[in-house]
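Values in this document were obtained by computation on a predicted structure and should not be read as measured data.
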Amino acid sequence: MSWFEALVLGIIQGLTEYLPVSSSGHLAIGQALFGMSDGGDNLMFTVAVHVATVLSTVVVLWSEIDWLVRGLFKCELNAETKYALNIVVSMIPVGIVGLFFKEQVEEIFGSGLLVVGCCLLVTAALLTFSYYAKPRQKEHISWKDALVIGLAQAVAVLPGVSRSGSTIATGLLLGNKKEKLAQFSFLMVIPPILGEALLDVLKMVKGEDVMGGIDALPLAIGFVAAFVSGCLACKWMLNIVKRGKLLYFGIYCAIVGIITIICS
């Protein structure tokens, strides 16, 4: 992997992790355009850029994370504890998928761009439906809603199904206020991404090829590119959700999905 390829893919990951257009789908398309195969260097690079986007979430939402941690240390059933419990509940579905269906998911990732294109159409339909649906607004995200949103996150392990798009759209369809959904959506993904990254690193260490064949310079460039673009996209997405402009991303996903299917 060259430094230029790492730069482009890092920017793609950082932007699309938060924008509702599927980071995994766009990374697959980008790697296909660069003629890359699913190898060890891609795995190491994927881990690096995902960790970079998690760090960008921590930077952008630091005040919310600080509020949450301070509340947990009070050791009482307060608003912060309830919020943290909702995050834990939302992690259950994706945890089950990761533990029991990891091999099946990895097979889907290696099945070509046709699957990516079809899943992008699913994302487009979900975003469009959530834009036009007008359920009654709720004051707080309940644990039941957190579980359903977590199910949407579990489905979003498929390449082309947007994690942020599916979780935010599902929350909107459940009647949760859009001002709170983006923040919850971005916070709930931090533990699963870090857990997945840790498992992948352990896999590479056991294989005695920690760097996976990628040079340090492209890896560093990809990491920085994903972090910077992730910070910008996270802030942008928080404002977009508040304004309710998800329909345009649905149109974009539909166009890219159709093109991907035709070209696959």
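Taking CZ of F129 as the start and CG of L172 as the end, the distance is 12.0 Å to the nearest 0.5 Å. With rounding to the nearest 0.5 Å, the separation of CD1 in I149 from CD1 in I168 is 9.5 Å. Note: L173 CG to L126 CG = 6.5 Å, rounded to the nearest 0.5 Å. Taken from CH2 in W67 to CG in L72, the straight-line distance is 9.0 Å, to the nearest 0.5 Å. Put simply, OG on S164 and CD on Q153 are 10.5 Å apart, with the number rounded to the nearest 0.5 Å. Here the straight-line distance linking atom OG of S56 with atom CG of L61 works out to 9.0 Å at 0.5 Å rounding.
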Identify every side-chain donor-acceptor pair in residues 216-240 under 3.5 Å, counting partners at least two apart or on other chains, and give the distances.
residue, atom, partner, partner atom, Å
S229, OG, A225, O, 2.6
S229, OG, A226, O, 3.4
N239, ND2, K235, O, 3.4

With a cut-off of 3.5 Å and sequence neighbours excluded, list every side-chain donor-acceptor pair involving residues 181-194.
residue, atom, partner, partner atom, Å
Q183, NE2, Y83, OH, 3.3
S185, OG, R163, NH1, 3.4
S185, OG, T167, OG1, 2.7

Donor-acceptor pairs under 3.5 angstrom involving side-chain atoms of residues 90-97: please list them, not counting sequence neighbours.
residue, atom, partner, partner atom, Å
S90, OG, I87, O, 2.6

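A 4.5 Å side-chain heavy-atom check between C118 and L121 finds every atom pair outside the cut-off.
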Go through C263 and L113 one step at a time and tell me if the side chain to side chain contact (heavy atoms under 4.5 Å, CB included) criterion holds. CA-CA 8 Å; C263 297; L113 292 181; over 6 Å; no
Stepwise side chain to side chain contact (heavy atoms under 4.5 Å, CB included) check, L9 with F45: CA-CA 9 Å; L9 293 177; F45 181 81; 3.6 Å; yes
Apply side chain to side chain contact (heavy atoms under 4.5 Å, CB included) to the pair D145 and K138, showing each step before the final yes or no. CA-CA 11 Å; D145 287 355; K138 302 176 182 178; 2.9 Å; yes
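Closest heavy-atom contact between P159 and C119: O-CB, 3.3 Å. Nearest approach of V21 to F249, heavy atoms of both residues: CG1-CD2, 3.8 Å. In this structure, A124 and T128 approach most closely via the heavy-atom pair O-OG1, 2.8 Å. The two residues G10 and V49 come nearest to each other via the heavy atoms CA-CG1, 4.2 Å.
Residues satisfying the side-chain contact (heavy atoms from CB on, under 4.5 Å) test with V88, not counting sequence neighbours, are none. Partners of L33 under the side-chain contact (heavy atoms from CB on, under 4.5 Å) rule, at least two apart in sequence or in another chain, are I29. Partners of S130 by side chain to side chain donor-acceptor pair (under 3.5 Å), not counting sequence neighbours: none found. In this structure, H50 has no ring pair (Phe, Tyr, Trp, His ring centres under 6.0 Å) partners at least two apart in sequence or on a different chain. When the salt bridge (charged side-chain N to carboxylate O under 4.0 Å, His left out) test is applied to K180, no partner is found at least two apart in sequence or on another chain. Judged as a ring pair (Phe, Tyr, Trp, His ring centres under 6.0 Å), and not counting sequence neighbours, Y131 has no contacts.
At least one donor-acceptor pair under 3.5 Å links the side chain of N176 to the backbone N or O of G171. A donor-acceptor contact shorter than 3.5 Å links the side chain of E5 to the backbone of S2. In this structure, the side chain of K74 does not engage the main chain of E80 through any donor-acceptor pair within 3.5 Å. Side chain of T16 to backbone of H26: no donor-acceptor contact under 3.5 angstrom is found.
In the model, Y18 has a side-chain atom that pairs as donor or acceptor with a side-chain atom of T57 under 3.5 Å.
Applying the salt bridge (charged side-chain N to carboxylate O under 4.0 Å, His left out) rule to pairs touching residues 148-157 yields nothing, sequence neighbours excluded. Pairs passing the salt bridge (charged side-chain N to carboxylate O under 4.0 Å, His left out) check and including a residue from residues 43-66, sequence neighbours excluded, read D66-R70. Residues in residues 247-264 take part in no salt bridge (charged side-chain N to carboxylate O under 4.0 Å, His left out) pair, two or more places apart or across chains.
Linking ILVMFWY residues whenever their side-chain heavy atoms come closer than 4.5 Å, directly or via other members, leaves Y252 and I255 in distinct clusters. Cluster membership check: W62 shares its hydrophobic cluster with F73, using side-chain heavy-atom separations under 4.5 Å among Ile, Leu, Val, Met, Phe, Trp and Tyr. L151 and L127 sit in two unconnected hydrophobic clusters of ILVMFWY residues. Membership requires side-chain heavy atoms under 4.5 Å apart, directly or through other members. Hydrophobic clustering (ILVMFWY, side-chain heavy atoms < 4.5 Å, transitive): L15 and I12 are in one cluster. Tracing side-chain contacts under 4.5 Å through hydrophobic residues (I, L, V, M, F, W, Y), one reaches V60 starting from V58; they form part of the same cluster.
Residue P20 is tested with V241, T123, L246 for a side chain to side chain contact (heavy atoms under 4.5 Å, CB included); the sole match is L246.
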